[in-house]
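This one's a predicted model, so the numbers in the text were calculated from it and none came from an experiment. Note on naming: letters A, B, ... go to the chains in the order of the sequence lines (proteins, then strands), and numbering restarts at 1 for each one.
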2 protein chains.
Amino acid sequence: MRLVIARCSVDYAGRLTAHLPLATRLLLVKADGSVLVHSDGGSYKPLNWMSPPAKLTVDVPGEDAREAGVVETWTVQHLKTDDRLVVSVHEVLHESEHELGVDPGLVKDGVEAHLQKLLAEHIGTLGDGYALVRREYMTAIGPVDILARDADGRAVAVEIKRRAEIDGVEQLTRYLDLLNRDPLLAPVTGVLAAQEIRPQARTLATDRGIRCVVLDYDALRGIDDVDSRLF
Amino acid sequence: MRLVIARCSVDYAGRLTAHLPLATRLLLVKADGSVLVHSDGGSYKPLNWMSPPAKLTVDVPGEDAREAGVVETWTVQHLKTDDRLVVSVHEVLHESEHELGVDPGLVKDGVEAHLQKLLAEHIGTLGDGYALVRREYMTAIGPVDILARDADGRAVAVEIKRRAEIDGVEQLTRYLDLLNRDPLLAPVTGVLAAQEIRPQARTLATDRGIRCVVLDYDALRGIDDVDSRLF
DNA sequence: GGGTCCATTTCGATG
DNA sequence: CATCGAAGTGGACCC
């Protein structure tokens with residue numbers, strides 16, 4: 001990995017054409033030839049970049065560019081498309097190179113799958129007497145996240161989202177329509193369970209008789225911890 | 001902007017929980033307190049990060065951590081949520097700080113919106129006698145980029161892309177299906193207009209009776225310049 | 001501030 | 001390998 005702090009302007013030509021006026025920025029060159037141009041703010045997205053695989057070539061600028069103050073011209077050419085990033089370096093303020101090696105990569109936790117697992121393990125969160133039938137209950141149009149039965153033995157279909165929006169309500173509605181055609185299950189009620197439920201989604205769900213339940217991830221995990229300590 | 005190359009492990013707790021095992025990485029600290037953790041590969045997306053606004057605090061590690069080889073504990077706390085990134089630094093291999101100043105920002109050109117505007121202004125590019133009905137013609141499934149009428153008064157739906165691929169053809173097909181149900185418009189023909197049309201997209205479009213038009217962005221802009229000179 | 005749509009999206013799962 | 005959907009999506013535009 002090569003780190004360069006430089007006064008530079010940048011031009012990109014590929015799916016669109018874009019230009020960065022002269023300013024001081026970080027140029028990050030990765031081992032796979034990809035280049036990121038970062039400013040001292042904004043999000044994790046660079047101002048401009050070239051995706052791997054790419055090849056960086058550093059050239060002496062043409063006479064016109066040299067007169068305009070350019071000391072190095074970087075051309076980053078994508079190896080599979082004709083996308084190209086051209087960096088006109090006016091002044092190098094810092095430069096260093098580092099061996100990083102291959103990264104072991106990120107270990108994720110707490111996504112929708114984990115919420116589903118936690119809720120399935122603590123289905124009583126939905127109400128006293130609730131019992132799990134099964135996770136990923138298969139139907140003709142796809143798996144329902146959780147199928148349960150309430151204290152009175154009535155079937156309940158649960159749709160789980162990290163953040164519930166209208167499409168989650170639509171999805172659950174389709175499942176409910178289908179499940180209610182099964183005489184062994186009908187009548188099936190619906191529960192939309194999520195860490196966050198958008199107002200529109202809540203309105204639509206309520207209008208359709210679907211119950212909304214806000215999940216507290218930490219609390220569910222906390223129950224887990226208690227279990228772990230007990231056993 | 002502060003650049004640190006360090007052997008470190010990283011833990012994130014917020015919307016999800018994630019962990020990065022010990023390895024050598026780039027830690028990029030921006031002026032707004034945001035932090036990016038980059039490896040020497042992958043795309044522009046960091047392995048892990050904290051969005052601004054955030055505050056970085058560097059602490060002496062606790063005894064347990066110190067015994068595990070940690071020399072510095074970085075805590076990056078988001079200022080508005082309870083998202084938190086903890087970096088356990090085991091060894092600092094490089095460190096430097098730089099003043100970058102405010103970036104003038106990216107100037108984009110040739111995006112779909114601009115192409116749409118240019119083509120709407122010069123709808124005759126599609127053929128003699130073409131007349132603009134309107135841009136962003138609203139339908140139940142979304143806006144059609146341009147609705148026009150040809151020299152014979154027949155409705156024409158135009159889908160604009162910088163680079164047309166198969167999904168653009170599918171999108172236009174959906175619009176055509178819908179528009180052709182409207183007796184006031186039917187029969188509606190389709191035009192796929194783009195600076196570049198991928199072979200697959202051209203084949204599919206042609207097969208469906210959709211005309212393909214390659215737009216010359218510079219020429220369209222040139223017409224603009226001529227207009228500017230005339231008036 | 002919320003809603004919607006686009007992205008040089010990136011990323012992973014799946015058929 | 002293409003396709004489809006989610007993302008700690010982010011960002012822009014509109015209301």
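Between the CG atom of B:D83 and the C1' atom of D:dG8 there is a distance of 7 Å, rounded to whole Å. Following rounding to the nearest Å, B:L36 (CG) and C:dT10 (P) show an atom-to-atom distance of 16 Å. We find that OH of B:Y44 is positioned 8 Å from P of C:dC11, with the value rounded to whole Å. Protein atom CH2 of B:W49 is 8 Å distant from nucleotide atom C1' of D:dA7, rounded to whole Å. Atom pair B:R135:CZ and C:dC5:C1' shows a separation of 16 Å (rounding to whole Å applied). B:Q116 places its CD atom 19 Å from the P atom of D:dA12, with the value rounded to the nearest Å. For the pair B:L106 CG and D:dG10 P, the interatomic distance rounds to 18 Å; values are reported in whole Å. Rounding to whole angstrom units, CG of residue A:L204 and C1' of C:dG2 are separated by 17 Å.
Mapping B:K80 and A:L47 onto DNA chain C by nearest heavy atom places B:K80 at the nucleotide closer to the 5' end. Residues A:L85 and B:K45 both approach DNA chain C. Their nearest nucleotides, taken by heavy-atom distance, put A:L85 toward the 5′ side.
Under a cutoff of 6.0 Å and an axis angle of 45°, B:R2 and B:W74 form a cation-pi pair.
Expressed to the nearest 0.5 Å, how far NE2 of B:H98 lies from CD1 of A:I5 amounts to 4.0 Å. Interatomic distance, NE2 of B:H122 versus CG of B:L118, reported as 6.0 Å (0.5 Å rounding).
The C1' atoms of D:dG5 and D:dT9 are separated by 13 Å, rounded to the nearest whole Å. When the P atom is used for both D:dC4 and D:dG8, the distance is 22 Å, rounded to whole Å.
A donor atom on one side chain and an acceptor atom on the other are not found under 3.5 Å apart for A:Y137 and A:D145. With 3.5 Å as the limit, one finds no donor-acceptor pair spanning the side chains of A:T189 and A:R211.
Residue contacts shown for B:M50 include a base, since a base heavy atom lies under 4.0 Å away.
Looking at B:Y12, its side chain comes within 3.5 Å of the base of D:dG8 through a donor and an acceptor atom.
Checking D:dA6, C:dT10, D:dG10 against every side-chain atom of A:K161, the shortest atom distance belongs to D:dA6. For A:S51, taking side-chain heavy atoms from C-beta onward, the closest of the listed nucleotides D:dG10, C:dT10, D:dG8 is C:dT10. Taking the side chain of A:S43 as heavy atoms from C-beta on, and the options D:dT9, D:dG11, C:dT10, the nearest nucleotide is D:dG11.
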